[in-house]
Amino acid sequence: MKKPVKFMVTAFRDGFQSVYGARVFTKDFMPAVAAAREAGISHFEAGGGARFQTPYFYTNEDAFEMMDEFRRVAGPDADLQTLSRGVNVVGLDSQPRDIINLHAQLFKKHGISTIRNFDALNDVNNLVDSGKAIVDAGLRHEVVVTMMSLPPGATGAHDPDFYEATLRQILDAGIEYHSVCFKDASGTSTPAYVHETIKRARKLLGKDMNIVFHSHDTAGVCIQQYVSALDAGANQVDLSMSPVSGGTCQPDIITMWHALRHTDYDLGVDIKKVREAEAVFADCMKDYIIPPEAMTVSPEITFSPLPGGALTANTQMLRDNNMMDKYPAIVEAMAETVAKGGYGTSVTPVSQFYFQQAFNNVLFGPWKKIADGYGKMVLGYFGKTPVAPDKEVVKACEAALGLKPTTEKVVDLNDKDPSKGVKAATAMLEAEGLPVTDENIFIAASCKEKGILFLTGKAQPNGIYKIDREAEAAKAKGEYTVSVGGKAYGVKLAGNKATVNGVEYPVNVGFGIDEAAIQETKGASSQGAAVASNAEATPVNAPMPGLILRVEVKEGQKVTKNQLLLIMEAMKMENEIYAPCDGVVTKISVTQGQQMQSDDELLVIG
C-alpha cells in the first residue's frame with residue numbers, strides 16, 4: 001500500500017508571483033484553473049501574498065473580484081487557500097487588530113476556505129491575533145514556521161533547535177490551527193535540516209496532524225528537500241504547473257510525480273490529465289514574457305537568500321525603472337543586510353526589507369540611507385528578530401528614522417497609531433468621496449495611495465510584460481505611426497527606403513549621434529539660434545526612476561529651500577523630493593500615478 005501525498009497547486013498565486021512578479025490579468029488564466037479542476041485538482045492557492053496588492057498596483061483589477069471568479073471557476077468544493085503575513089496580512093506594513101479581523105472576514109466572504117498564516121520573524125506574538133481572526137471568521141488556519149539557511153559561518157537561528165522552539169511557542173500560546181506548514185521561501189534550507197525539523201514536528205504534533213513542507217527551487221535542492229520532508233513525516237507539499245514551475249517557483253506536479261515513481265509514495269494524479277491541463281495553461285500564458293532569472297537555479301541564493309516570490313517581483317521593478325544592471329550587486333549586498341538585520345526569515349515582508357536596504361547600500365553607499373521597513377524591523381516595530389541586530393546598524397536606524405527601539409507588541413503599537421485602522425482608512429475614502437464599504441476600507445488600509453488611485457479610476461494597467469501581437473505584426477511589416485511636434489506621420493521602412501505619408505525617401509540609420517552630420521544638415525542659418533530661456537528658472541528633476549505617489553505643492557505656490565515638493569515611489573520605497581531653493585512653483589510637469597525616469601522634469605521653481 002503506497003503512502004498518499006497531498007499537494008496544493010501554487011501556480012496561480014506563488015507561481016505568478018515568482019515568475020511574473022504577480023502581474024497577470026484574471027481573464028488570462030481562468031481557463032487554466034478550469035482545466036486543472038477537470039484534471040481532478042481541488043486544492044489551489046488562490047490569492048493573498050503579493051496577489052492581493054498587485055491587481056491594484058499593476059493590472060488595475062479588483063482582487064476581491066478575482067477571488068470571486070476563482071471560486072466560480074474552481075467550483076464550490078475546491079479548497080481555495082491564500083497566504084497571510086501575520087499582522088501584516090497582505091501588505092508590507094503591519095496592521096491593527098480591526099484590519100486584521102476585517103482581512104479574515106472579507107476573504108471568507110469572497111470564497112476563501114483556508115489561510116496560511118506566517119510571521120517572517122517567527123515572533124509567535126504576531127500569530128496570536130491573526131490566527132484568532134482566521135478561526136473566528138470560520139476559515140481553516142494553517143499556522144507556519146518560516147525557514148531558511150543562514151550564510152556559512154553564521155549561527156544563532158535557523159536550525160532544527162530554533163524551529164522546534166518556535167513550534168513549541170506556538171503550542172504554548174494556545175493558537176488554534178488545523179494544519180502546520182514549514183515554509184522555506186528562499187529554498188535554501190539544507191535537506192538534512194528539513195528532515196530533522198519535520199521529524200521533530202511529527203513527534204510533537206502526533207500522527208494525525210497535517211504537516212506541510214513548502215519551498216522553492218531557486219537554489220536547486222527543492223525536490224531533495226521535499227523527499228526529505230516526506231521521509232521525516234510530512235504528508236503534503238506544494239507543487240506548481242508549467243510554465244510557472246521550477247526555478248524561482250515550486251517543482252512541477254509532473255516533476256514530483258516522476259521523482260516519486262518506484263517509491264512508496266503516490267501523488268494520486270492522472271498524469272495524462274495533468275499534462276493536458278498544463279498544455280492549456282501554457283497556451284493561456286503564451287503572450288507573457290518570462291524573465292530569464294525566473295527559470296534559473298542560482299547558486300548565489302544560498303549566500304543571499306532571496307525568495308523566489310520576491311526575486312522576480314524585484315527584478316520586474318528594476319526593469320520598470322531601467323535599473324536591471326544593478327541586480328547582481330544588490331543580491332551580493334543582501335547577504336550583509338541579512339547578517340546585520342537579526343536573521344529574520346527571508347520571506348515577504350522581511351525579504352523586501354533586506355532587498356530595499358541592499359538596494360540603498362548599492363545606490364547611495366553602505367548604510368548611508370536606511371530603508372523605512374528595514375529600519376523599523378531592526379528597531380523592533382515588526383516584532384522580535386531571532387537574534388539581536390548589529391549594534392551599529394541599530395544606531396544608524398535610530399538616527400535615520402528618529403525612533404527608539406521597542407519591545408512593545410506590534411498590534412498594540414498599531415492599535416494606538418491614528419494613521420492606521422478602519423477609522424483612518426474611512427477618512428481616506430471620505431476625502432475622495434468614495435463609498436465606505438468593508439472592501440474599500442481594506443483596500444485603502446492595505447494599498448494606501450495606490451488603492452485610492454484604483455478606487456477613483458485614476459489607475460492604469462502598467463508594468464505588464466506581454467507580447468503585443470498587433471505591434472509585432474506591424475513591426476514585421478515595418479509599419480509605424482510617428483508623431484513629431486504633435487503631427488502624425490505614417491512611416492513604412494523597407495531596406496534602405498522609408499515611405500512617409502506615401503512619399504518615398506532613401507534612409508540610412510546609424511548608431512549614436514553624429515553631431516557633425518547634424519550641424520551640416522541644420523545649415524549655417526540655423527546655427528547660433530537659441531531657444532529663449534529664463535535663467536532664473538530652476539527645474540527639479542527626478543533623481544531616480546519611480547512613480548509619482550503624491551504632489552504636495554501647487555502651481556503658483558511659494559516654497560522655501562528644503563520644503564517637501566512631492567513623493568516618488570521606487571522599489572516600494574517612498575522617496576521625498578525637496579525644493580533646492582526658495583521661489584514660486586511656476587510649472588508642475590507630473591501627475592499622481594505617473595511613471596518617471598531619471599532626470600525627467602518634475603516641476604520648475606521660478
Side-chain angles (χ1 to χ4, degrees), residues 1-10 40-46 48 76-84 86 104 107-108 112-119 122 124 127-128 130-147 160-184 189 191-215 225-239 250 253 256-257 259-260 263-269:
M1 183 75 177
K2 289 202 169 190
K3 300 174 186 175
V5 176
K6 296 184 285 186
F7 66 93
M8 176 175 71
V9 168
T10 59
I41 296 167
S42 59
H43 190 181
F44 298 96
E45 193 172 28
D77 298 325
D79 184 1
L80 299 189
Q81 183 165 317
T82 59
L83 184 67
S84 175
F107 276 48
K108 169 71 173 178
I112 301 307
S113 46
T114 302
I115 293 182
R116 176 178 289 173
N117 182 38
F118 73 90
D119 180 65
N122 280 312
V124 173
L127 298 174
V128 173
S130 54
K132 183 177 186 302
I134 291 165
V135 173
D136 288 350
L139 294 156
R140 291 183 71 254
H141 178 212
E142 185 168 281
V143 73
V144 177
V145 176
T146 58
M147 302 175 65
D161 290 342
F162 173 75
Y163 300 133
E164 180 183 353
T166 302
L167 180 57
R168 288 184 181 277
Q169 289 172 35
I170 290 170
L171 299 177
D172 292 344
I175 297 169
E176 188 175 345
Y177 58 88
H178 306 89
S179 182
V180 177
C181 176
F182 290 84
K183 177 179 172 64
D184 179 5
S189 297
Y193 272 11
V194 170
H195 185 277
E196 181 62 24
T197 298
I198 299 298
K199 183 176 76 172
R200 295 188 192 185
R202 178 54 72 196
K203 185 177 179 180
L204 272 174
L205 297 170
K207 64 182 179 63
D208 297 325
M209 178 54 60
N210 189 54
I211 296 180
V212 185
F213 184 73
H214 164 101
S215 190
Q225 288 177 319
Y226 277 10
V227 173
S228 295
L230 293 173
D231 286 345
N235 47 352
Q236 181 185 320
V237 293
D238 287 347
L239 301 171
Q250 286 72 53
I253 298 170
M256 194 68 199
W257 168 82
L260 297 180
T263 71
D264 292 333
Y265 300 111
D266 182 16
L267 281 180
V269 296

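Here the structure is a predicted model, which is why all the values come from computation and not from measurement. The analysis underlying the following values was restricted to heavy atoms, covering all of them including side chains, and did not include hydrogens, waters or symmetry mates.
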Discussion item. If you count every heavy atom of other residues, nucleotides or ligands that lies below 6.0 Å from K2 atom NZ, does the total exceed 12?
Written reply: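 Count over threshold, so yes.
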Item to complete: Provide the full list of side chain to side chain donor-acceptor pair (under 3.5 Å) pairs with a residue in residues 168-178, sequence neighbours left out, each pair given once.
Response: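 Applying side chain to side chain donor-acceptor pair (under 3.5 Å) to every pair that reaches into residues 168-178, excluding sequence neighbours, yields E164-R168.
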Who passes side chain to side chain donor-acceptor pair (under 3.5 Å) against [X], sequence neighbours left out?
X    : answer
T197 : none
D161 : R200
K6   : N210
D119 : N126

Can you measure from [atom1] ([X]) to [atom2] ([Y]) and round to the nearest 0.5 angstrom?
X    : Y    : atom1 : atom2 : result
I198 : M147 : CD1   : CE    : 6.5 Å
L139 : Q81  : CG    : CD    : 10.5 Å
D266 : K3   : CG    : NZ    : 12.5 Å
F213 : C181 : CZ    : SG    : 8.5 Å
T82  : I115 : OG1   : CD1   : 4.0 Å
L239 : E45  : CG    : CD    : 12.0 Å

Sequence neighbours left out, cut at 3.5 Å: what donor-acceptor pairs do the side chains of residues 226-233 make with other protein atoms?
unit_1 : atom_1 : unit_2 : atom_2 : d
Y226   : OH     : S215   : N      : 3.3
Y226   : OH     : D238   : O      : 2.7
S228   : OG     : Q224   : O      : 2.9
D231   : OD1    : Y265   : OH     : 2.7

For [X] and [Y], which heavy atoms make the closest approach, and how far apart are they?
X    : Y    : result
I253 : L267 : O-CD1, 3.8 Å
S189 : Q225 : O-NE2, 2.7 Å
A201 : I211 : C-CD1, 4.1 Å

Do [X] and [Y] make a side-chain contact, defined as non-hydrogen atoms from C-beta onward lying under 4.5 Å apart?
X    : Y    : result
R202 : N235 : yes
H214 : Q250 : yes
I41  : V269 : no
V145 : I170 : yes

Which residues pass the ring-ring contact (aromatic ring centres under 6.0 Å, His included) test with [X], sequence neighbours left out?
X    : value
F162 : H158
F182 : none
F44  : F70

Worksheet item: Is a side-chain N or O of S42 found less than 3.5 angstrom from the main chain of A78, in a donor-acceptor match?
Response: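 No.
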Fill in: Chi angles and distances behind the side chain to side chain contact (heavy atoms under 4.5 Å, CB included) call for L205, L171
CA-CA 9 Å; L205 297 170; L171 299 177; 4.1 Å; yes
Worksheet item: Between V212 and S179, is a side chain to side chain contact (heavy atoms under 4.5 Å, CB included) present by the stated rule, with each step listed?
Response: CA-CA 8 Å; V212 185; S179 182; 3.8 Å; yes
Discussion item. Going by side chain to side chain contact (heavy atoms under 4.5 Å, CB included), name the residues that satisfy it together with D79, two or more places apart in sequence or in a different chain.
Written reply: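 D79: side chain to side chain contact (heavy atoms under 4.5 Å, CB included) contacts with H43, S113, T114, R140.
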Item to complete: Sequence neighbours left out, what passes side chain to side chain contact (heavy atoms under 4.5 Å, CB included) with A173? Give chain and number order.
Response: V124, V128, I175
Worksheet item: Does a donor on one side chain and an acceptor on the other come within less than 3.5 Å for S130 and N117?
Response: yes
